[in-house]
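Report on the structure given below.
To find a chain, count down the sequence lines: A is the first, B the second, and so on, and within it residues start at 1.
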There are 2 protein chains.
Amino acid sequence: MRVAVVEDDLSIVNLLKRVLIKEGFSVREFSTAERFLSAVFDYGEEFDAVILDVMLPGINGVEACRFLRERGYDVPVLMLTALSEEDDKVKGLDSGADDYLTKPFGIRELLARLRALLRRRGKVLLAPEPSGIVITDVGALVDGKEVKLTGRERELLRVLLENRGKVVSKEELLQKVWKGEAVSKRVVDVHVKHLRDKIGDRIETVWGVGYRLVEGAPE
Amino acid sequence: MRVAVVEDDLSIVNLLKRVLIKEGFSVREFSTAERFLSAVFDYGEEFDAVILDVMLPGINGVEACRFLRERGYDVPVLMLTALSEEDDKVKGLDSGADDYLTKPFGIRELLARLRALLRRRGKVLLAPEPSGIVITDVGALVDGKEVKLTGRERELLRVLLENRGKVVSKEELLQKVWKGEAVSKRVVDVHVKHLRDKIGDRIETVWGVGYRLVEGAPE
DNA sequence: AAAAACCTTAAGGAACTGTTAAGATGTTAT
DNA sequence: ATAACATCTTAACAGTTCCTTAAGGTTTTT
């Protein structure tokens, strides 16, 4: 189990590190939200849970959490802060946090809450289901409605779905869907168009790079 | 960057803490060498630098430093003391300290020496610390908000970000972003302008030289 | 004041994507 | 076997986005 600790207070980081490691977690620490987000988005690191401080220099915990959620990263987030005002709790939880703990906190309580979060999630973390799309053997279930897809369309959607929220380059799509067959790059565009016609505008174009499946309903 | 401050004089501890934190360091304080050494060897805490007072109750700074070095702990040590006798300096430096500063010391000098030590060790002090910016695959996260960037803009921002706080010359930008393509120098200006429009006035012009990404939010 | 460096804006073209349709190929029903 | 159908690919044209250059204005230096 990999846990990211995003916290700038060294004494807390060290405490958490010691305790979490003792409990059998792998701990990756980040002193700023930027670094953490960069690890996730630039380097594709994955975590089973995130312990996220609110008061951070630069991007704060609430903003970071909101960003994660907007991009479809469904990892359990335990928010940590010195603020105990009801309003702050609301803000934190509204941003997508799963739990909220105020400093000073009991380390045993934190562990208990963390275990609870992981249990609740069943343990599958970064980048799982909730996109409103499920691939079936005849096509896809989109917002509860069944849509028929052709083979290529289904494969294309599958790859995009596996990388939900992340940009997939045309080269990668050609490689994964067309397995290196000698076809023009433009076939991707055409199939994206067909997919869009069928499942709505959930596929975003990233100019000069490729495509990205985004969350939520189209338009 | 984490700095351990090992010092029993509270007024000095507080001064250092305030200043160092302001400079973007994480500070961990210890009132005795025993506690510091215990943190290092018993708990495996790691530091990028140590500011170590010589006159400490129990194990003194020189002994502590020697102990560190004997165990192969190669962290930069800046020794701090009221003793200005040459002999003491020699003892301190011989014990493995990297630099030596006598009280009363100027805080700016201390910072400069600390930076120098870190630089010498190859620690990247280019402050990967808070800038409020994270580059993503579609653009950048600026103060928690996603901003879409074009390819050139993103590359330009990436180079500036890698050198944040430092001036990057136009030649270097042309070389790193435009890879030696034969383009006019003016393209840099234009793209800087576009970047400024999108991420705010975080890019400072250094007349006759180039550009620099500055910390914090614009105005 | 002149010169140099920078800012700002806009236009043209290059590169990329959207869209449509036709032909090729393969599949199913008759 | 043949017709009807479905799918895939390519090609062509239209539309969009992006990059660079150019030109005139502003600021800074000499």
Side-chain angles (χ1 to χ4, degrees), chain A residues 135 137-140 146-160 167-214 218-219, chain B residues 135 137-140 146-160 167-214 218-219:
Chain A
I135 295 197
D137 44 3
V138 285
E146 179 123 32
V147 177
K148 264 186 156 183
L149 297 179
T150 68
R152 293 292 202 212
E153 287 161 4
R154 190 165 53 246
E155 284 312 299
L156 180 57
L157 180 58
R158 189 194 308 283
V159 174
L160 288 172
V167 179
V168 187
S169 71
K170 284 193 180 177
E171 286 71 20
E172 192 175 343
L173 289 171
L174 282 172
Q175 211 235 306
K176 293 196 172 162
V177 177
W178 280 265
K179 320 279 184 196
E181 292 171 44
V183 293
S184 150
K185 263 192 179 184
R186 305 296 261 100
V187 297
V188 180
D189 305 349
V190 174
H191 281 90
V192 165
K193 150 80 168 154
H194 293 153
L195 253 185
R196 280 174 173 156
D197 289 344
K198 291 185 177 179
I199 70 169
D201 270 341
R202 293 175 156 82
I203 302 172
E204 185 184 296
T205 302
V206 180
W207 213 88
V209 185
Y211 296 94
R212 172 171 78 159
L213 190 71
V214 293
E219 109 268 32
Chain B
I135 295 198
D137 43 10
V138 284
E146 178 144 26
V147 176
K148 279 193 180 173
L149 300 179
T150 68
R152 292 290 202 215
E153 287 161 5
R154 189 165 53 245
E155 285 311 300
L156 180 58
L157 180 58
R158 190 191 305 281
V159 174
L160 289 172
V167 181
V168 187
S169 70
K170 284 194 180 176
E171 286 71 22
E172 191 174 345
L173 289 172
L174 282 171
Q175 210 237 306
K176 292 195 172 166
V177 177
W178 279 265
K179 319 276 184 199
E181 293 171 43
V183 292
S184 148
K185 263 192 178 185
R186 305 243 61 79
V187 297
V188 181
D189 306 354
V190 174
H191 281 92
V192 165
K193 151 79 169 152
H194 292 154
L195 252 186
R196 281 175 172 154
D197 289 345
K198 290 185 177 178
I199 70 169
D201 270 340
R202 293 176 157 82
I203 302 171
E204 187 183 296
T205 302
V206 180
W207 215 89
V209 185
Y211 297 93
R212 174 167 65 176
L213 190 72
V214 294
E219 80 258 60

Inset, instruction - Check the pair K170(B), R186(B) against side chain to side chain contact (heavy atoms under 4.5 Å, CB included), reporting the backbone distance first and the verdict last. - result: CA-CA 9 Å; K170(B) 284 194 180 176; R186(B) 305 243 61 79; 4.1 Å; yes
Inset, instruction - Assess whether salt bridge (Lys or Arg N to Asp or Glu O under 4.0 Å) is satisfied between E155(A) and R152(A), documenting all intermediate values. - result: CA-CA 5 Å; E155(A) 284 312 299; R152(A) 293 292 202 212; over 6 Å; no
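Scanning for side chain to side chain contact (heavy atoms under 4.5 Å, CB included) contacts around E204(B) gives V206(B), R212(B), V214(B), with sequence neighbours left out. Applying the side chain to side chain donor-acceptor pair (under 3.5 Å) criterion to K179(B), with sequence neighbours excluded, gives no partner residue. Residues satisfying the side chain to side chain contact (heavy atoms under 4.5 Å, CB included) criterion with R196(A), sequence neighbours excluded, are V192(A), D201(A), I203(A), T205(A), Y211(A).
In this structure, the side chains of I199(B) and E153(B) stay at 4.5 Å or more apart for every pair of heavy atoms.
Contact annotation: S184(A) side-chain N/O to dA11(D) OP1/OP2 distance is not under 4.0 Å. For dC19(D), neither phosphate oxygen OP1 nor OP2 lies less than 4.0 angstrom from any side-chain nitrogen or oxygen of W178(B). The phosphate of dT21(D) (OP1 or OP2) has no side-chain N or O of K185(B) nearer than 4.0 angstrom.
Atom CG in L149(B) sits about 10 Å away from atom P in dC19(D), given to the nearest Å. With rounding to whole Å, K179(B) atom NZ is found 16 Å from dC19(D) atom C1'. Whole-Å rounding puts the E181(B) CD to dC19(D) P distance at 11 Å. As a whole-Å value, the separation of K148(A) NZ from dC5(D) C1' is 11 Å. Rounding to whole angstrom units, CG of residue L195(B) and C1' of dC7(C) are separated by 15 Å. Between the P atom of dC19(D) and the CG atom of L174(B) lies a distance of 15 Å, rounded to the nearest Å. The NE2-P distance, from H191(B) to dC6(C), rounds to 17 Å in whole Å.
With respect to the salt-bridge test (charged N to carboxylate O, under 4.0 angstrom), the residues D189(A) and K193(A) do not qualify.
Each end of the helix from dA1(C)-dT30(D) to dT30(C)-dA1(D) gets its own axis, taken as the rotation carrying the C1' atoms of four end pairs onto the next four within a five-pair window, and the two axes meet at 20° to the nearest 10 degrees.
Residues from residues 203-212 of chain B placing a heavy atom under 4.0 Å of any atom in DNA chain D, listed by number, are W207(B).
Each of L160(B), V168(B), V167(B), V159(B) was scored for a side chain to side chain contact (heavy atoms under 4.5 Å, CB included) with L213(B), with one residue passing: L160(B).
Residue contacts shown for V183(A) are limited to sugar-phosphate atoms, with no base heavy atom under 4.0 Å away. Among the atoms of the strands shown, only primed sugar atoms or phosphate atoms (P, OP1, OP2) are found under 4.0 Å from some heavy atom of K170(B).
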Set out, line by line, the N/O atom pairs under 3.5 Å between protein and nucleotides 19-25 of chain C.
from	atom 1	to	atom 2	distance (Å)
dT20(C)	OP2	K193(A)	NZ	3.2

